[in-house]
Amino acid sequence: MVNSNANALGIIFPNSYDTLVPELVTERLMASIPFASRYRLIDFMLSSMVNCGIDNISILVRKNYHSLMDHLGAGREWDLVRKKGGLNIVPPFAEKDVKVYNGRVDALASILSFLREQKEKYVVLADTNLAVNFDFNALIAAHVESGADVTVAYKEEPIPEAPLKARKENNVNLYYTLDLEDGRVKKIRINSKKTGVQNVSMNIYVVDRERLIDMVGVAFSNGYPYFERDILVPQLDKLNVRGFRFDGYVAHIDSIKSYFDENMKMLDDANVDALFGANPVYTKIRDDNPTRYIPGAKVTNIMAADGCVIEGEVEDSILFRGVKIAKGAKVKNCVLMQGTVVEAGADMEYIITDKNVTITADKELKGSDSFPFYISKYKTV
């Protein structure tokens, strides 16, 4: 791991965008959604911070956080077991000032006393709906060089389809796009209706710690819950808000369809290299046997974690830890989470199974590329 001091502390909001993937967050939050056969979504943002020397990281959770706490533990896999700083998970009601929050202002207001006690000059803020290998040192360097009050990371791309659809169904702040002039953000559009390639915010920010404390204190005292809508948008003429363009690989998880699609992209070596090539991504260690391919098994283009046992036919699929495919079973274009068992003679295509699902013998399950079928935890079909 890189041990340089980034002079910044990290704050992660793990429940952001839970509403876009209701199937996957009934018993977990966005941050602990499994991805790419052995990782959780939080692994990417957490690893990116650690790789850049950020070793004081707080995770502000709202609900369904038990699986996240089990995954992270004390943070040993990320080298965050420390006497000072390290990993700090803040659940609701952990202290008298920590409540269930709505927006980032509410969340940050609950830890203002903590922020005042820290020594780092900068704070980086991030969500966990992205699988990305992000260079926070480059972001902080750009922030310092420009003299900005706030720097926001963005990517030039079309707005993902799922937030566009969700925008029409409910009135929530789903995404932000930026209008830039010489690198300065002149306008922040909330749930923009524009089409085509835009400067889509990644909801990753860096801001001076003392300034953040002041901004959050004022906004919270006025009853404003949202950082972008209630702090940045009204003060763009007063605050020097700069944009930082990110050109690397980003996987957006904002619907069950995008979850399926982004996992399936990991079957392309070029995408794997783009996501994992820059710096290592750390995750919880499990001591298990390597995947076993029993004589007679037929396997084509899969990503399989450790502990799997394959006797049947598997093609173009993502297998998480401990998946078992019995002899005579056929699995194609599927994402099978940890502990899934596919019994003999079962035939599956375009299926997502959550943890510990059992597909009994001779069942035929078919989804489609446009509508992959999801089976929830512990179900037997």
Side-chain angles (χ1 to χ4, degrees), residues 8-19 30 56-63 88 90-129 139-140 143 146-154 167 170-180 184-192 200-244:
L9 62 91
I11 297 179
I12 297 176
F13 304 88
N15 288 99
S16 299
Y17 300 97
D18 281 1
T19 56
M30 173 70 77
N56 182 4
I57 302 173
S58 293
I59 301 174
L60 308 185
V61 299
R62 291 185 70 244
K63 59 181 181 178
N88 178 33
V90 186
F93 313 113
E95 299 177 9
K96 64 180 180 179
D97 294 330
V98 182
K99 304 292 191 274
V100 178
Y101 62 84
N102 290 317
R104 286 187 175 185
V105 171
D106 285 345
L108 293 169
S110 68
I111 60 165
L112 281 181
S113 59
F114 166 80
L115 289 175
R116 293 188 182 102
E117 294 169 358
Q118 305 311 298
K119 305 301 182 184
E120 290 84 356
K121 182 171 177 57
Y122 303 105
V123 178
V124 294
L125 310 174
D127 293 327
T128 56
N129 62 315
L139 173 66
I140 295 169
H143 176 78
S146 68
D149 296 312
V150 180
T151 300
V152 51
Y154 69 92
R167 179 199 68 200
N170 49 58
N171 186 26
V172 296
N173 301 330
L174 294 170
Y175 58 89
Y176 304 90
T177 57
L178 314 175
D179 289 352
L180 301 171
R184 182 166 180 173
V185 178
K186 305 300 290 185
K187 187 171 185 178
I188 298 176
R189 300 178 184 272
I190 303 174
N191 296 350
S192 172
V200 181
S201 171
M202 297 173 67
N203 289 353
I204 296 174
Y205 298 88
V206 59
V207 58
D208 182 273
R209 180 175 58 84
E210 295 291 343
R211 180 174 290 276
L212 179 65
I213 291 170
D214 292 340
M215 290 192 299
V216 169
V218 171
F220 184 72
S221 65
N222 284 283
Y224 299 144
Y226 297 108
F227 181 74
E228 296 87 353
R229 188 192 70 184
D230 298 324
I231 293 181
L232 297 185
V233 171
Q235 300 186 74
L236 283 178
D237 57 336
K238 299 176 183 178
L239 294 173
N240 182 11
V241 181
R242 311 288 296 189
F244 175 84

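Every heavy atom of this structure was used, including side-chain atoms; hydrogens, water molecules and symmetry mates were not.
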[Y] and [X], any side-chain heavy atoms less than 4.5 Å apart:
X	Y	answer
Val123	Leu108	no
Ile188	Leu178	yes
Leu212	Phe227	yes
Tyr175	Asn191	yes
Leu232	Tyr176	no
Phe114	Asn88	yes
Glu228	Asn203	yes

I need the minimum non-hydrogen distance between [X] and [Y], along with the two atoms involved.
X	Y	result
Tyr154	Gly243	CE2-C, 3.7 Å
Asp149	Lys238	OD2-O, 4.3 Å
Met215	Val207	CE-CG2, 3.8 Å
Asp127	Ser16	OD1-OG, 2.7 Å
Phe13	Ala107	CE2-CB, 3.8 Å
Asp237	Pro234	OD1-O, 3.8 Å

Given Val150 and Val206, is the side-chain contact (heavy atoms from CB on, under 4.5 Å) satisfied, shown in steps?
CA-CA 6 Å; Val150 180; Val206 59; over 6 Å; no

Is any NZ, NE, NH1 or NH2 atom of the basic residue among Arg62 and Asp106 found under 4.0 Å from an Asp or Glu carboxylate oxygen of the other?
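Here Arg62 does not pair with Asp106 in a salt bridge, since their nearest N and O are not under 4.0 Å apart.
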
Looking at [atom1] of [X] and [atom2] of [Y], how far apart are the two atoms once the value is rounded to the nearest 0.5 Å?
X	Y	atom1	atom2	answer
Leu125	Ser58	CG	OG	11.0 Å
Asn222	Asp230	CG	CG	9.5 Å
Ile231	Asp214	CD1	CG	10.5 Å
Glu210	Gln118	CD	CD	11.0 Å
Ile12	Ile204	CD1	CD1	10.0 Å
Ile111	Leu60	CD1	CG	4.5 Å

Has the side chain of Arg242 got a donor or acceptor atom that lies under 3.5 Å from a matching backbone atom of His143?
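Judged by distance alone, no pair lies under 3.5 Å.
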
Between Asn15 and Val61 (side chain of the first, backbone of the second, donor and acceptor by atom type, cut-off under 3.5 Å), is there such a pair?
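No, because the side chain of Asn15 does not come within donor-acceptor range (under 3.5 Å) of the backbone of Val61.
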
Taking everything shown except Tyr224 itself, do over 12 heavy atoms lie less than 6.0 Å from its OH?
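Not more than 12 within 6.0 Å, no.
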
Scan Lys187, Lys186, Arg189, Arg184 and name whichever one has a salt bridge (Lys or Arg N to Asp or Glu O under 4.0 Å) with Asp179.
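So the option named by the test is Arg189.
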
